Amino acid sequence: MAKIGVFDLSVRYGKLTALSDLSFTMPEGERLFISGPNGAGKSSLLGAISGAVRAAHGRIEMDGEILSGLGPEQIARRGLSMVPEGRRIFASLSVRENLMVGTGLRRDESAVADDLEAVFTAFPILRERANAPAGALSGGQQQMLAISRALMTNPKVMMVDEPSLGLAPKVVDEVYDRLCELQKLRGLTLVIVEQSSARAARVGGRMLLMRGGRIVADGDAAEFAAGDLLTEAYFGDPA
Ligand SMILES: Nc1ncnc2c1ncn2[C@@H]1O[C@H](COP(=O)(O)OP(=O)(O)OP(=O)(O)O)[C@@H](O)[C@H]1O
């Protein structure tokens, strides 16, 4: 059974069609990059899966259960967590308070404490700065905080919208290294919006290339970057 299944999904904003009859499935533990130019529909796809954006038609499933029609909180309770574009941390709250925001739906207090320890072990800087206001962190540290906050919900599936946005290449490397370690450690199914197919190829995984609200290619990220120079030239590559 697929971990995530998307079937004939369409999303419209008024008269504008953002996603058009889009379908794909992904198995548990997969790392899937979603790439494509501005306006391709990448964020709309993540929004529809997480319940933040309403589908015009189609069906989304997780572990065979239909998610369509459920709200973001109900979907989060089923184990799907989202790291939004722009990170959206609470600048005036401390790092620790930001992390605890992610645990609002959980009742398992001792497991929450274990997860906090695991996050602090993965990102020692967050332990060091636990009582500092999150707004005082650097951009890369804020991205790590946003990822950690999502992990504190104890997700099975995590979706990250453009983790490299506005970060220096070296910091992006570090964010991806940690993300991949955590995926392995927790057996996460990971969906990442990444504009740079070269970056996706370096990290490794499957890639869906979107354009105009449709999937135009689906394959190994490394093969895209190595073999399809025309695509690369057409879409450009900010990395
Ligand atoms: N809330 C909204 N209301 C109206 N139109 C929207 C809304 N959100 C997105 N759109 C439009 O839907 C299309 C898909 O946008 P979306 O943000 O999903 O693409 P994207 O691939 O994530 O783009 P980017 O890389 O720029 O973030 C675009 O034409 C966009 O202008």
Side-chain angles (χ1 to χ4, degrees), residues 4-24 26 31-60 67-73 75-76 80-89 139-140 142-143 146-147 150 157-169 171-172 175-176 179 189-203 205-219 221 224-225 228 230-239:
I4 295 285
V6 172
F7 305 98
D8 299 321
L9 178 68
S10 293
V11 166
R12 295 193 192 101
Y13 302 107
K15 286 189 177 149
L16 186 138
T17 298
L19 295 181
S20 207
D21 292 326
L22 192 137
S23 299
F24 67 94
M26 59 184 297
R31 184 180 310 140
L32 176 69
F33 287 98
I34 300 180
S35 199
N38 294 118
K42 306 179 296 293
S43 297
S44 299
L45 174 59
L46 261 53
I49 296 173
S50 68
V53 170
R54 204 173 61 84
H57 74 80
R59 195 171 87 250
I60 298 165
L67 299 183
S68 319
L70 298 180
E73 188 180 319
I75 292 174
L80 188 141
S81 188
M82 171 93 172
V83 183
E85 188 179 325
R87 318 191 244 280
R88 295 196 211 144
I89 58 145
Q142 289 187 16
Q143 184 62 65
I147 289 167
V157 179
M158 199 158 97
M159 303 198 297
V160 192
D161 199 349
E162 301 220 38
S164 40
L165 206 66
L167 301 182
V171 181
V172 177
V175 168
Y176 270 116
L179 200 51
T189 304
L190 200 52
V191 181
I192 307 168
V193 170
E194 173 56 71
Q195 284 238 1
S196 163
S197 54
R199 170 70 60 187
R202 276 200 292 279
V203 177
R206 174 182 168 198
M207 190 163 95
L208 296 182
L209 192 60
M210 289 182 64
R211 192 178 156 205
R214 297 174 191 275
I215 294 170
V216 292
D218 178 354
F224 273 96
D228 204 339
L230 193 67
T231 305
E232 195 69 5
Y234 181 83
F235 287 118
D237 192 342

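FYI, the numbering just counts along the sequence from 1. Ligands are counted one by one from 1 in listed order, and the atoms in each one are counted from 1 as well. Small disclaimer: the values here were computed from a predicted structure and weren't measured.
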Rounded to the nearest 0.5 Å, what separation is found between the OG atom of Ser164 and the CZ atom of Arg199?
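Going from the OG atom of Ser164 to the CZ atom of Arg199 covers 6.5 Å.
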Is there a donor-acceptor pair closer than 3.5 Å between any side-chain N or O of Ser35 and the backbone N or O of Gln195?
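Yes; judged by distance alone, with no hydrogens or angles, the pair exists.
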Candidates Leu179, Val157, Leu32 - the one meeting side chain to side chain contact (heavy atoms under 4.5 Å, CB included) with Leu190:
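Testing each of Leu179, Val157, Leu32 against Leu190, the sole residue satisfying side chain to side chain contact (heavy atoms under 4.5 Å, CB included) is Leu179.
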On a heavy-atom basis, which atom in Met159 and which in Leu46 lie closest, and how many Å separate them?
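Closest approach of Met159 to Leu46, heavy atoms only: CE-O, 3.4 Å.
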Any protein N or O within less than 3.5 Å of an N or O in ligand 1? List each pair with its distance, or say none.
unit_1   : atom_1 : unit_2 : atom_2 : d
ligand 1 : 18 (O) : Ser44  : N      : 2.9
ligand 1 : 18 (O) : Ser44  : OG     : 2.5
ligand 1 : 19 (O) : Gly41  : N      : 3.1
ligand 1 : 21 (O) : Ala40  : N      : 3.1
ligand 1 : 21 (O) : Gly41  : N      : 2.9
ligand 1 : 21 (O) : Lys42  : N      : 2.9
ligand 1 : 21 (O) : Lys42  : NZ     : 2.8
ligand 1 : 22 (O) : Ser43  : N      : 2.8
ligand 1 : 22 (O) : Ser43  : OG     : 2.9
ligand 1 : 23 (O) : Gly39  : N      : 2.9
ligand 1 : 25 (O) : Asn38  : ND2    : 3.2
ligand 1 : 25 (O) : Lys42  : NZ     : 2.8
ligand 1 : 25 (O) : Gln195 : NE2    : 3.1
ligand 1 : 26 (O) : Asn38  : ND2    : 2.9

Among pairs that include at least one residue of residues 45-60, which meet salt bridge (Lys or Arg N to Asp or Glu O under 4.0 Å), considering only residues two or more places apart or in two chains?
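Listed by first then second residue: Arg59-Glu61.
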Any chance CZ of Arg206 has more than 12 other-residue heavy atoms, nucleotides or ligands included, within less than 6.0 Å?
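Enclosed: over 12 neighbouring heavy atoms sit under 6.0 Å from CZ of Arg206.
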